[in-house]
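Heads up, the thing below is written out as structure tokens.
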Amino acid sequence: MIRPAVEADVPQLLAMIRELGEYEHLADEVILTEDDLARALFGPGAIVFDSVVDVGGEALAGHALWYRTFSTFLGRTGIWLEDLYVRPEYRRQGHAAALLTYLREQTEGRLEWDVLEWNAPAIDFYQRLGARPMAGWTRYRWYEG
């Protein structure tokens, strides 16, 4: 079952974010704390959302952390998917596709995300769903931290 995350999910969400960091060889960049995540998701003025795959029991199977965007060309809101992660033991059971379908149903605009160039399994999965890379665009980042 896919549902919105609740505050009690924060420890598992952070664990999955760390697991994703390990998988992407970026673990040293994960400095987020439980308090940071709780504030971002549930604090005053929160603009970040998380949808989880709840399979019953104590563990969550996966999650999608996202936020709303706006396209001036379309005149519609969209969704930027920041993280999509399904724990290894729950993969190939349709959870990632269900999360993406759920998010697609939350907007009449675009559903967009990044994928690491070396992550062939993810690229193949997204293309099987019908998603395509955006040729001609280069992502910029300005970070002062």
Checklist line | Closest non-hydrogen atom pair between G109 and R104, with its separation | finding: O-NH1, 2.6 Å
Next item on the list: Taking all non-hydrogen atoms of both residues into account, name the closest pair between L13 and V52 and its distance.
Entry: CD2-CG1, 3.7 Å
Notebook entry, point to check: Between R87 and Q12, does a side chain to side chain contact (heavy atoms under 4.5 Å, CB included) hold up when you go through it step by step?
Noted result: CA-CA 11 Å; R87 288 180 156 148; Q12 285 196 70; 3.2 Å; yes
Check: Is atom CZ of R132 surrounded by more than 12 heavy atoms (other residues, nucleotides or ligands) closer than 6.0 Å?
Finding: yes
Notebook entry, point to check: Going hydrophobic residue to hydrophobic residue with side-chain gaps under 4.5 angstrom, can you get from W113 over to V48?
Noted result: no
Note to self: Restricting to non-hydrogen atoms, name the atom on F125 and the atom on A97 that form the minimum distance, rounded to 0.1 Å.
What the structure shows: CZ-N, 3.6 Å
Check: Any side-chain heavy-atom pair from S51 and R3 closer than 4.5 angstrom?
Finding: no
Check: Measuring from T33:OG1 to L14:CG, what's the distance to the nearest 0.5 Å?
Finding: 7.5 Å
Check: If you measure from CE on M134 to CZ on R139, what distance do you get to the nearest 0.5 Å?
Finding: 12.0 Å
Notebook entry, point to check: Mind checking whether P4 and D50 have side chains closer than 4.5 Å, heavy atoms only?
Noted result: no
Check: Say you draw a straight line from CG of L65 to CD1 of I17; how long is it, rounded to the nearest 0.5 Å?
Finding: 6.0 Å
Item checked: Gap separating the CH2 atom of W66 from the CG atom of L99, nearest 0.5 angstrom -> 11.5 Å
Notebook entry, point to check: Q127 versus P133: any side-chain heavy-atom pair under 4.5 Å?
Noted result: yes
Next item on the list: Please check if I2 and L41 belong to a single hydrophobic cluster, counting links between Ile, Leu, Val, Met, Phe, Trp and Tyr side chain heavy atoms closer than 4.5 Å.
Entry: no
Check: Taking all atoms of both residues into account, what is the closest heavy-atom pair of E82 and W80, and its distance?
Finding: OE1-NE1, 3.1 Å
Notebook entry, point to check: With side chains defined as the heavy atoms from C-beta onward, is the minimum distance between E24 and L116 less than 4.5 Å?
Noted result: yes
Check: What are the two closest non-hydrogen atoms of G62 and M16, and how far apart are they?
Finding: CA-SD, 3.6 Å
Margin query: Can you confirm whether more than 12 heavy atoms, excluding those of E117, are under 6.0 Å from its CD atom?
Written below: no
Check: Looking only at heavy atoms, what is the nearest atom pair of H95 and V55, with distance?
Finding: CE1-CG1, 3.9 Å
Checklist line | Cluster link L20 to I123, ILVMFWY, side chain under 4.5 Å | finding: no
Note to self: Using only atom types and a distance under 3.5 Å, with no angle test, would you say the side chain of Q93 pairs donor to acceptor with the backbone of E89?
What the structure shows: yes
Check: For the ring pair W118 and Y23, is the centre-to-centre distance below 6.0 Å?
Finding: yes
Next item on the list: Could you tell me the separation between the CE atom of M1 and the CG atom of D54, rounded to the nearest 0.5 Å?
Entry: 4.5 Å
Next item on the list: Could you tell me whether the side chain of I79 reaches within less than 4.5 Å of the side chain of Q106, counting heavy atoms only?
Entry: yes
Next item on the list: For E22 and A27, indicate whether the former's side chain and the latter's backbone hold a donor-acceptor pair under 3.5 Å.
Entry: no
Checklist line | Path from V86 to L129 over hydrophobic side-chain contacts below 4.5 Å | finding: yes
Next item on the list: Give the C-alpha distance, both sets of side-chain angles, the deciding distance and a yes or no for side chain to side chain contact (heavy atoms under 4.5 Å, CB included) between L84 and L100.
Entry: CA-CA 9 Å; L84 174 69; L100 288 168; 4.0 Å; yes
Checklist line | Spacing of OG belonging to S71 relative to CD belonging to E108, to within rounding of 0.5 Å | finding: 13.0 Å
Margin query: Between Y90 and V53, is there shared hydrophobic-cluster membership here, with clusters defined by ILVMFWY side-chain heavy atoms closer than 4.5 Å?
Written below: yes
